[in-house]
Number of protein chains: 2
Amino acid sequence: MKVLVADDDGDLRDLIGFTLTQSGYLVLKAGDGPSAVRRFEEESPDLVVLDINMPGLSGFQVCEAIRKRSRIPVMMLTVRGEEEDLVRALELGADDYLTKPFSPRTLLARVKALLRRAGMENTAPLAAGRVALDLQEHTVSIGRAEPVRLTKLELRLLQMLLANAGHTVSSDRLLAQVWGHRSGGDRQLLKQLVHRLRQKIEADPAAPALLRTAAAGYKLLVE
Amino acid sequence: MKVLVADDDGDLRDLIGFTLTQSGYLVLKAGDGPSAVRRFEEESPDLVVLDINMPGLSGFQVCEAIRKRSRIPVMMLTVRGEEEDLVRALELGADDYLTKPFSPRTLLARVKALLRRAGMENTAPLAAGRVALDLQEHTVSIGRAEPVRLTKLELRLLQMLLANAGHTVSSDRLLAQVWGHRSGGDRQLLKQLVHRLRQKIEADPAAPALLRTAAAGYKLLVE
DNA sequence: CGCGCCTGTAACCTGTTTGTCACCCGCCCG
DNA sequence: CGGGCGGGTGACAAACAGGTTACAGGCGCG
């Protein structure tokens, strides 16, 4: 699990780095804005901790640059009392912030919370209602029926829907999350995948009870 | 977009409620732990704001109960300086916390950030008077009637009008926003779309009470 | 090599949504 | 009075989206 720490204060950088390393994270460091962006692109970390005040590019600008190509969790560091800053940071797409000074323990708790939320820890919800997913075995169990084997894509699709159980997930989002690319044209793929998945998990595939078509997307029905 | 606010301090509850309602969120309130859990189960809100100190069940216990059945964003309210509290809250699965006292603006920014992160971003909070739009489900609810399904264009039109609720929006602006292009001639399209929308949302489509014709455009009437 | 299985593509069918047209009415104005 | 104008309505066709079937290429595996 890679974490990029960007701060111009070397001592603080080391403190954060030490804390995270102790907990088993792989830590990358950057001392100014431009090198933060560069390291981000080279290493594609799983989380970024960003100070706002940095030479070269401000934390805001770095955050903006990151958000242009990725939704990984970003935590901003602010000085107490600068409410403007944190409102701006959150509007730019930062996921959380810490006010200096902070304790290592707090930092760790927040970092873990962010990663958990981003679904990077396998704390991902693997069950909702009667649907239980087994990522290891590539199977899904509906109610108390026999587990059904799923293909890689089917698993990813179901995982996405499960993560948003009960809520509609737009076709675009599914396309992006399952295939990771081309947000545009490939409706057909999704159409097919849904069809195939329904054959496997629906009692009556012609009248879906679980995987329902909803406005502009699909949703997993759970009671 | 439903938000459940649980706090035993009635004034604070009202302040938060007011702030969120102003921004178009549908707000549910609870004054103690048990009723917070009950309302959560009855209403399945999209986000929960939880005070830690509450009679009946503490915010921690409520958070735990919620996490047993759902991953929706939970924001905890803490008093300044209780670092133990917030570490514990985050470990229990809370997604964010706010330290009292906080400004309404901060609250709003954090709530929006949480919802965006939860992937409900395209569900911009849209409601005014008795009209509540659900962008995710492509539906609109008038008062407490059944939600009505809307097509893509109907949704866009209503969204425009809702964003300017009570004020006239010119036909040209509507044309531009809904269809995005083409200059003249397309009055007919708008005429039709309004007609179709009225059939869906007006009690008596022949005598529109909500979607009124105004000079050079249309307006949404809200009380 | 042949055999499955998984994935992507295409074609067809269906119901829904959107665009177009023709016509209505009430209103203003010469 | 009659004609033009701006909306409102109904009917219909074109375009579209989702479900389905069929099939071909790719890949691992015996």
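In the text below, chain A, chain B and the rest are named by the order of the sequence lines, each starting its count at 1.
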With a cut-off of less than 4.0 Å, is there a side-chain N or O of B:Thr151 near OP1 or OP2 of C:dT16?
no

May I ask you to verify if any side-chain N or O of B:His195 is less than 4.0 angstrom from the OP1 or OP2 atom of D:dG8?
no

Please examine the side chains of B:Tyr218 and B:Leu190, heavy atoms only from C-beta on, and report whether any two atoms are closer than 4.5 Å.
yes

In whole angstroms, the gap separating C1' of D:dC16 from CD of A:Gln188 amounts to 13 Å

Ion pair check, B:Arg67 and B:Asp95, cut-off under 4.0 Å:
yes

Send over the distance from B:Lys191 NZ to C:dC25 P, rounded to a whole Å.
15 Å

For side-chain hydrogen bond (donor to acceptor under 3.5 Å, both in side chains), just list the numbers for A:Thr168 and B:Glu137, CA-CA rounded to whole Å, side-chain angles, deciding distance to a tenth of an Å, and then say yes or no.
CA-CA 6 Å; A:Thr168 301; B:Glu137 301 295 336; 2.8 Å; yes

Separation of atom CZ in B:Arg187 from atom C1' in D:dG8, rounded to whole Å:
15 Å

Write down the distance between CD (B:Gln192) and P (D:dG8), rounded to a whole number of angstrom.
11 Å

So that I can tick it off, tell me whether B:Lys191 and B:Asp186 are bridged by a salt bridge, with the cut-off set at under 4.0 angstrom between side-chain N and carboxylate O.
no

Calculate the interatomic distance between B:Arg212 atom CZ and D:dG8 atom C1'; express it in whole Å.
15 Å

Of the nucleotides D:dG7, D:dT9, C:dG8, which one has an atom closest to the side chain of B:Tyr218?
D:dG7

Can you measure B:Lys152 atom NZ to C:dT16 atom C1' for me and round it to whole angstrom units?
12 Å

Checking only heavy atoms, does the side chain of B:Arg196 share a donor-acceptor pair with the base of C:dG19 at less than 3.5 Å?
yes

Taking 4.0 angstrom as the limit, do B:Asp204 and B:Arg198 come out as a salt bridge?
no

Considering just the side-chain nitrogens and oxygens of B:Trp179, establish if one lies under 4.0 Å of OP1 or OP2 belonging to C:dT18.
no

In this structure, how many angstroms lie between the P atom of D:dG7 and the CG atom of B:Leu211, rounded?
14 Å

Between C1' on C:dC6 and CG on A:Leu197, what's the gap in Å once rounded to a whole number?
14 Å

Measuring to OP1 and OP2 of D:dG8, would you say a side-chain N or O of B:Thr213 lies under 4.0 angstrom away?
yes

Describe the nucleic acid contact of A:Leu153 in one word from base, sugar-phosphate, nothing, applying a heavy-atom distance below 4.0 Å.
sugar-phosphate

